[in-house]
Amino acid sequence: MDVINKIYKTLHKQYGPQGWWPLFNAKTGKFEYHKGDYSLPKNDAQRFEICVGAILTQNTSWVQAEKALLNLEKINALSPNAILKMSMEKLSAIIKPSGYFRQKAKKLKEFTKFYNSLNSSIPKREELLSVWGIGNETADSMLLYSFKVPTFVVDSYTKRIVSSLGLISAKDSYDEIKAFFEKNLKPDIKIYQEYHALIVEHAKHHYSKKPYGSGCFLRKG
DNA sequence: AACCAGGACGTGA
DNA sequence: TCACGTCATGGT
């Protein structure tokens, strides 16, 4: 079997299903993963929530993005209409815990306008990329976890791991790394969703502090 | 107390 | 194209 599929099997066996993307549960008042359930998001509100979370977590830990999302949720503002009508001052204050709050407030406004223009259709990748504040990873995260398009998400961890394993060159582009994964995987939404989440989980264990890759079991074999 | 976290954009070479 | 600065809060 090829390396890409071997890595997937190994990570899945080690960590199990990750159940991304976490969604707010009104009953528990917390954000929850949904391991083994690939039917989500189940409605438009959840689709929008995932997109907002994808912007808020840019270069920020998920727990910080979660705080910002919870702040929005608490004032019942995790919706397109609420975000559009909120002032920039109010919006940036509400999402402050996620960092880069001025930029992200603008990004949320810009994206929400675009989101409304979709009228519940699925955006093309290039369309998402044309929105200010939506780059490669954010676009792919939205497509994969919100719109359920089997597109591979590459993040800094992905690059760090495959580069460290010698599978790619350190200066390969986003699109090259993405293509490297996609050419070896069948376009299965479950596998794509789990693969990226597993990479993040694995990176948190073995690729977050230097020297990167210490104790990484992907190296033995 | 430096470093990092589920990046993207603007600028100058 | 690409290397580098900027944006910013909160964990460890």
Side-chain angles (χ1 to χ4, degrees), chain A residues 8 11 15 17-24 31-35 40-41 49-72 88-112 114 125-147 151-164 168-178 181 192-214:
Chain A
Y8 178 76
L11 293 179
Y15 302 112
Q18 300 298 298
W20 280 33
W21 189 281
L23 286 164
F24 183 71
F31 291 85
E32 297 173 355
Y33 294 85
H34 42 92
K35 304 183 181 187
L40 302 174
E49 177 189 328
I50 292 172
C51 293
V52 170
I55 290 173
L56 292 177
T57 197
Q58 288 175 355
N59 202 36
T60 305
S61 65
W62 174 251
V63 285
Q64 295 302 118
E66 213 171 67
K67 292 173 186 173
L69 280 169
L70 191 58
N71 284 347
L72 284 168
M88 281 294 289
E89 292 73 23
K90 178 76 180 293
L91 182 56
S92 53
I94 279 293
I95 65 169
K96 196 168 183 179
S98 68
Y100 309 106
F101 54 87
R102 296 182 190 87
Q103 287 194 347
K104 285 177 178 175
K106 182 182 175 186
K107 290 177 182 183
L108 289 180
K109 292 271 191 182
E110 294 293 313
F111 172 75
T112 302
F114 170 77
R125 191 169 129 89
E126 311 83 63
E127 295 175 331
L128 280 168
L129 290 173
S130 73
V131 178
W132 188 87
I134 310 298
N136 286 317
E137 186 190 339
T138 307
D140 286 332
S141 290
M142 288 179 178
L143 286 170
L144 179 59
Y145 294 105
S146 178
F147 299 103
T151 189
F152 199 84
V153 179
V154 177
D155 68 337
S156 53
Y157 284 145
T158 310
K159 193 172 306 181
R160 189 180 295 172
I161 291 177
V162 291
S163 155
S164 178
I168 63 158
S169 150
K171 69 161 297 301
D172 280 350
S173 71
Y174 184 98
D175 289 329
E176 287 172 320
I177 301 173
K178 177 184 177 64
F181 279 89
Y192 276 54
Q193 289 189 343
E194 289 294 349
Y195 209 149
H196 173 60
L198 284 166
I199 282 176
V200 172
E201 181 63 19
H202 184 58
K204 285 175 177 171
H205 285 265
H206 300 289
Y207 290 84
S208 55
K209 48 184 182 295
K210 296 177 180 177
Y212 296 143
S214 63

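All chains are named by letter (A, B, ...) in the order of the sequence lines, taking the proteins before the strands, and each is independently numbered beginning at 1.
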Participant: Using Watson-Crick or G-U wobble geometry with both distances below 3.5 Å, tell me the partner of dG11(C), or none.
Facilitator: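 When the pairing criteria are applied, nothing turns out to pair with dG11(C), so the answer is none.
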Participant: If you look at every strand shown and take non-hydrogen atoms under 4.0 Å, does I199(A) touch a base, only sugar-phosphate, or nothing?
Facilitator: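 The answer is nothing, as I199(A) stays clear of every strand by at least 4.0 Å.
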Participant: Say you pick atom P in dG5(C) and the same atom in dG6(B); how far apart are they, in whole Å?
Facilitator: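 It comes out at 24 Å once rounded to the nearest Å.
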Participant: Of the options dG10(B), dG7(B), dA5(B), whose atoms approach the side-chain atoms of S61(A) most closely?
Facilitator: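 Between dG10(B), dG7(B), dA5(B), the one nearest the side chain of S61(A) would be dA5(B).
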Participant: Do W62(A) and V200(A) have side chains that approach each other closer than 4.5 Å (heavy atoms only, starting at C-beta)?
Facilitator: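 Result no, sub-4.5 Å side-chain heavy-atom pair not found.
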Participant: Does dG6(B) have W20(A) stacked on its base, where the ring centres are within less than 5.5 Å and the planes differ by under 30°?
Facilitator: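 Yes; centroid distance and tilt both under limits.
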Participant: So what does S98(A) touch, heavy atoms closer than 4.0 Å: a base, only the sugar-phosphate, or nothing?
Facilitator: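 S98(A): no heavy atom of the nucleic acid under 4.0 Å.
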Participant: Would you please indicate if the ring centroids of Y207(A) and Y157(A) are separated by under 6.0 Å?
Facilitator: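 No; Y157(A) has its ring centre 6.0 Å or more from that of Y207(A).
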Participant: In whole Å, what is the span from the NZ atom of K209(A) to the P atom of dA5(B)?
Facilitator: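 These atoms are roughly 11 Å apart.
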Participant: Would the distance check show the side chain of K104(A) and the main-chain N or O of I95(A) forming a donor-acceptor pair, the cut-off being under 3.5 Å?
Facilitator: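 Looks like no, no N/O pair under 3.5 Å.
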Participant: Let me know the distance between CG of L128(A) and P of dA8(B), rounded to the nearest Å.
Facilitator: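 In whole Å, dA8(B) P lies 11 Å from L128(A) CG.
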Participant: In this structure, how many angstroms lie between the C1' atom of dG7(B) and the CG atom of N136(A), rounded?
Facilitator: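 Atom CG in N136(A) sits about 10 Å away from atom C1' in dG7(B).
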Participant: Using the side-chain heavy atoms of K96(A), tell me which of these nucleotides is nearest: dT9(C), dG7(B), dC4(B).
Facilitator: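 Comparing dT9(C), dG7(B), dC4(B) against the side chain of K96(A), the answer is dT9(C).
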Participant: Send over the distance from N59(A) CG to dG11(C) P, rounded to a whole Å.
Facilitator: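 Whole-Å distance recorded here is 16 Å.
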Participant: Checking contacts here: which listed nucleotide (dG10(C), dA8(B), dC4(B)) is nearest the side-chain heavy atoms of K107(A)?
Facilitator: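 For K107(A), the side-chain atoms sit closest to dA8(B).
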Participant: Expressed as a whole number of angstroms, how long is the span from K210(A):NZ to dT12(C):P?
Facilitator: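 It is 20 Å, rounded to the nearest whole Å.
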Participant: Determine the contact category for Q103(A): base if any of its heavy atoms lies under 4.0 Å from a base atom, sugar-phosphate if only primed atoms, P, OP1 or OP2 are that close, otherwise nothing.
Facilitator: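 Result for Q103(A) = base.
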Participant: Rounded to whole angstrom units, what separation is found between the OH atom of Y15(A) and the P atom of dG6(B)?
Facilitator: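 Value for this atom pair: 14 Å.
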Participant: To the side chain of K204(A), which of dG6(B), dG10(C), dG7(B) is closest?
Facilitator: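 Side chain of K204(A) sits closest to dG6(B).
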Participant: Are the ring of W62(A) and the base ring of dA5(B) both nearer than 5.5 Å at their centres and tilted by less than 30°?
Facilitator: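 Given the distance and angle limits, no, they do not stack.
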Participant: Which nucleotide sits closest to the side chain of Y100(A): dC7(C), dA8(B), dC9(B)?
Facilitator: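 Side chain of Y100(A) sits closest to dC7(C).
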Participant: Is the shortest side-chain heavy-atom distance between M142(A) and I50(A) below 4.5 Å?
Facilitator: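 M142(A) vs I50(A): side chains apart.
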Participant: Test for a donor-acceptor pair under 3.5 Å between the base of dG6(B) and the side chain of Y33(A), counting only N and O atoms.
Facilitator: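 Checked by distance alone, the answer is yes.
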Participant: So how far is it from R125(A) CZ to L128(A) CG, rounded to the nearest 0.5 Å?
Facilitator: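 Answer for the CZ-CG pair, R125(A) versus L128(A), is 9.0 Å.
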Participant: Which part of the nucleic acid does K104(A) contact within heavy-atom distance under 4.0 Å: base, sugar-phosphate only, or nothing?
Facilitator: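 No contact.
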Participant: dG10(C) P sits how many Å from L56(A) CG, rounded?
Facilitator: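 Distance, rounded to whole Å: 14 Å.
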Participant: Starting from the 5' end of DNA chain C, give me the residue, K171(A) or F101(A), whose nearest nucleotide shows up first.
Facilitator: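 Whichever sits nearer the 5' end wins; that is K171(A).
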Participant: Between T57(A) and V131(A), which residue's closest nucleotide on DNA chain B lies nearer the 5′ terminus?
Facilitator: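 In this pair, the answer is T57(A).
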Participant: Heavy atoms from C-beta onward define the side chain here; which of dG11(C), dG6(B), dA5(B) lies closest to that of D155(A)?
Facilitator: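 The answer is dG6(B), which lies nearest to the side chain.
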Participant: State whether S156(A) places a side-chain N or O below 4.0 Å from either non-bridging phosphate oxygen (OP1 or OP2) of dG7(B).
Facilitator: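 For dG7(B), OP1/OP2 do have a side-chain N/O of S156(A) under 4.0 Å.
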Participant: Anything under 30° is parallel, anything over 60° is perpendicular, the rest tilted; go ahead and classify Y145(A) against W20(A).
Facilitator: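 Plane angle between 30° and 60°, so tilted.
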Participant: Which base, if any, makes a Watson-Crick or G-U wobble pair with dC3(B), both distances under 3.5 Å?
Facilitator: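 Base-paired to nothing in any strand shown.
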Participant: May I ask you to evaluate whether Y174(A) reaches the phosphate of dG7(B), defined as a side-chain N or O under 4.0 Å from OP1 or OP2?
Facilitator: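 No, because none of the side-chain N or O atoms of Y174(A) sits under 4.0 Å from OP1 or OP2 of dG7(B).
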Participant: Establish, for the pair K178(A) and F152(A), whether the NZ or CZ atom is under 6.0 angstrom from the six-membered ring centre and no further than 45 degrees off its axis.
Facilitator: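 Verdict for F152(A): no cation-pi partner in K178(A).
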Participant: Measure the distance from CD1 on I95(A) to P on dA8(C) and round it to the nearest whole Å.
Facilitator: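 Interatomic distance, CD1 of I95(A) to P of dA8(C): 9 Å.
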Participant: How far does the P atom of dA8(B) sit from the matching atom of dG11(C), given to the nearest Å?
Facilitator: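 About 24 Å, rounded to a whole number of Å.
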Participant: Reckon R160(A) has a side-chain N or O less than 4.0 Å from the OP1 or OP2 of dA5(B)?
Facilitator: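 So the side chain of R160(A) is within the cut-off, an N or O lying under 4.0 Å from OP1 or OP2 of dA5(B).
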Participant: Considering only the P atoms, how many Å lie between dC9(B) and dG10(C), rounded to the nearest integer?
Facilitator: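 These two P atoms come out 24 Å apart once rounded.
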Participant: Measuring from the side chain of Y212(A) (C-beta onward, heavy atoms only), which nucleotide among dG6(B), dC4(B), dC7(C) has the closest atom?
Facilitator: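 Taking heavy atoms from C-beta onward, the closest nucleotide is dC4(B).
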